[in-house]
Amino acid sequence: MSFTVYLSGEIHTDWREQIANGARAAGLDIHFTAPVTDHDASDAAGDHLGPESESFWRDHKSSKVNAIRTRTLIEKADLVVVRFGDKYKQWNAAFDAGFCAALGKPYITLHAEDIIHPLKEVDANAQAWATTPEQVVEILRYTLKA
């Protein structure tokens, strides 16, 4: 079986590479997709549409341009992994999880135990909660090879 997995969320660590490398080592047939992980490029996604005098409107335009990619890739994915990191609040990741829930798209959350409480609703709709990329790889291995 082949899968497409969208890797959503935190962009400041190498968790995506850990999952991709683990899946490759396990011989899993998975195509991974992700948002733009270059923070500056993501923030500037709408800049070509013209300058803005207020940062709200720059962010608004860029978020809409980024949403074209995000929504399309989530809709095409068989499964989504949503990572919540320690350093920043990932409101976009929570939004992606909610979008998955609305679509009936299966998703796995990946986060530390110390943020279980603020993510209780997000986790309640997830098919699994993992604390390490290795656990995600094991879920993928089971899903594709069991």
Side-chain angles (χ1 to χ4, degrees), residues 1-49 56-146:
M1 180 177 357
S2 177
F3 246 39
T4 297
V5 176
Y6 183 77
L7 301 173
S8 169
E10 187 260 323
I11 65 169
H12 302 285
T13 62
D14 69 346
W15 68 274
R16 285 180 178 84
E17 291 79 16
Q18 290 179 47
I19 291 173
N21 291 339
R24 191 170 24 263
L28 302 179
D29 184 8
I30 298 177
H31 172 68
F32 291 101
T33 60
V36 173
T37 58
D38 177 316
H39 201 178
D40 291 336
S42 176
D43 286 350
D47 286 356
H48 66 282
L49 299 172
F56 172 84
W57 294 112
R58 179 182 188 236
D59 287 346
H60 183 76
K61 285 194 304 191
S62 291
S63 70
K64 288 180 169 289
V65 172
N66 280 317
I68 295 168
R69 177 186 178 94
T70 302
R71 288 181 184 183
T72 301
L73 293 175
I74 287 175
E75 287 172 348
K76 289 183 176 184
D78 296 299
L79 175 74
V80 176
V81 178
V82 185
R83 164 79 175 142
F84 295 90
D86 302 326
K87 190 171 182 182
Y88 300 100
K89 305 283 189 244
Q90 286 90 44
W91 308 119
N92 58 318
F95 186 87
D96 288 354
F99 187 55
C100 289
L103 292 173
K105 181 80 56 179
Y107 69 93
I108 299 167
T109 56
L110 173 59
H111 62 80
E113 290 186 35
D114 64 345
I115 55 175
I116 289 173
H117 181 72
L119 293 173
K120 63 185 176 291
E121 286 83 8
V122 173
D123 287 340
N125 282 290
Q127 278 57 56
W129 161 54
T131 58
T132 68
E134 294 80 15
Q135 289 174 330
V136 172
V137 171
E138 181 55 25
I139 292 168
L140 294 172
R141 187 208 57 76
Y142 177 83
T143 303
L144 291 170
K145 293 206 170 184

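Note that this is a predicted model, so its numbers are computed, not measured.
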Handout entry: Nearest heavy atoms of Pro35 and Leu7, plus distance in Å
Key = CD-O, 3.1 Å

Exercise for the section: Return yes if some donor-acceptor pair links the side-chain N/O of Ser62 with the main-chain N/O of Asp43 below 3.5 Å, else return no. Expected result: yes

Practice task
Please indicate whether His117 has more than 12 foreign heavy atoms, meaning atoms of other residues, nucleotides or ligands, lying under 6.0 Å from its NE2.
Solution key: no

Completion exercise
In short, Pro133 meets Ile19 closest at the heavy-atom pair CB-CG1, 3.7 Å

Problem - Gap between atom OG1 of Thr143 and atom CE of Met1 - 0.5 Å precision - result: 7.5 Å

Handout entry: Backbone of Leu28 reached by a side-chain donor or acceptor of Lys145 within 3.5 Å
Key = no

Exercise for the section: Find the distance between OG (Ser8) and CZ (Phe95) and round it off to the nearest 0.5 Å. Expected result: 11.0 Å

Exercise for the section: Verify, without hydrogens or angle tests, whether Asn125 (side chain) and Ala101 (backbone) share a donor-acceptor contact under 3.5 angstrom. Expected result: no

Problem - Atom pair OG1/CG of Thr109 and Asp123 - distance to nearest 0.5 Å - result: 3.5 Å

Problem - Tyr142 atom OH, neighbour heavy-atom count above 12 within 6.0 Å - result: no

Handout entry: Ile108 vs Leu79 side-chain heavy atoms within contact, under 4.5 Å
Key = yes

Practice task
Determine, step by step, whether Val5 and Leu140 satisfy the side chain to side chain contact (heavy atoms under 4.5 Å, CB included) criterion, reporting the C-alpha distance in whole Å, the side-chain angles of both residues, the deciding distance to 0.1 Å, and the verdict.
Solution key: CA-CA 9 Å; Val5 176; Leu140 294 172; 4.0 Å; yes

Practice task
Look at the side chain of Tyr107 and the backbone N and O of Val122, then say whether any donor-acceptor pair between them is shorter than 3.5 Å.
Solution key: yes

Exercise for the section: Heavy atoms only: give me the nearest Lys105-Gln127 pair and the separation to one decimal. Expected result: O-OE1, 4.3 Å

Exercise for the section: Answer whether the closest heavy-atom distance between the side chains of Leu103 and Cys100 falls below 4.5 Å. Expected result: no

Problem - Residues Glu17 and Asn21: side-chain donor-acceptor under 3.5 angstrom - result: no

Handout entry: Side-chain (Glu10) to main-chain (Thr13) donor-acceptor, under 3.5 angstrom
Key = yes

Problem - Spacing of Asp96 atom CG and Trp91 atom CH2 [to the nearest 0.5 Å] - result: 14.0 Å

Exercise for the section: Go through the steps for Leu144 and Ile30 under the test side chain to side chain contact (heavy atoms under 4.5 Å, CB included), then give the verdict. Expected result: CA-CA 9 Å; Leu144 291 170; Ile30 298 177; 3.4 Å; yes

Exercise for the section: Check whether any side-chain heavy atom of Gln18 sits under 4.5 Å from a side-chain heavy atom of Glu134, and report yes or no. Expected result: yes

Practice task
Measure across Ile139 and Ala128 and return the closest heavy-atom pair with its distance rounded to 0.1 Å.
Solution key: CD1-CB, 3.7 Å

Handout entry: Pair Thr4-Tyr6, side chain to side chain contact (heavy atoms under 4.5 Å, CB included): steps then yes or no
Key = CA-CA 7 Å; Thr4 297; Tyr6 183 77; over 6 Å; no

Practice task
Could you tell me which residues satisfy salt bridge (charged side-chain N to carboxylate O under 4.0 Å, His left out) with Arg16, sequence neighbours excluded, listed by chain and number?
Solution key: none

Problem - Heavy-atom pair with the smallest gap, counting every atom of Gly46 and Val65 - result: CA-CG2, 4.1 Å

Problem - Side-chain (Gln135) to main-chain (Thr132) donor-acceptor, under 3.5 angstrom - result: yes

Practice task
State, to 0.1 Å, how close Leu110 and Thr131 come at their nearest heavy-atom pair, and which atoms those are.
Solution key: CD1-C, 3.6 Å

Exercise for the section: Kindly indicate whether the side chain of Trp15, heavy atoms from C-beta on, has any atom under 4.5 Å from the side chain of Val81. Expected result: yes

Exercise for the section: Please check if any side-chain donor atom of Asp86 sits under 3.5 Å from a side-chain acceptor atom of His111, or the reverse. Expected result: no

Handout entry: Approximate separation, where rounding is to 0.5 Å, of Leu119 CG and Trp129 CH2
Key = 10.0 Å

Exercise for the section: Start with the C-alpha distance between Arg69 and Asn66, add both sets of side-chain angles, then the distance that settles side chain to side chain donor-acceptor pair (under 3.5 Å), and finish with yes or no. Expected result: CA-CA 5 Å; Arg69 177 186 178 94; Asn66 280 317; over 6 Å; no

Handout entry: Between CZ on residue Arg71 and CD1 on residue Ile74, distance to nearest 0.5 Å
Key = 9.5 Å

Handout entry: side chain to side chain contact (heavy atoms under 4.5 Å, CB included) between Lys120 and Ile116, worked out
Key = CA-CA 6 Å; Lys120 63 185 176 291; Ile116 289 173; 5.6 Å; no

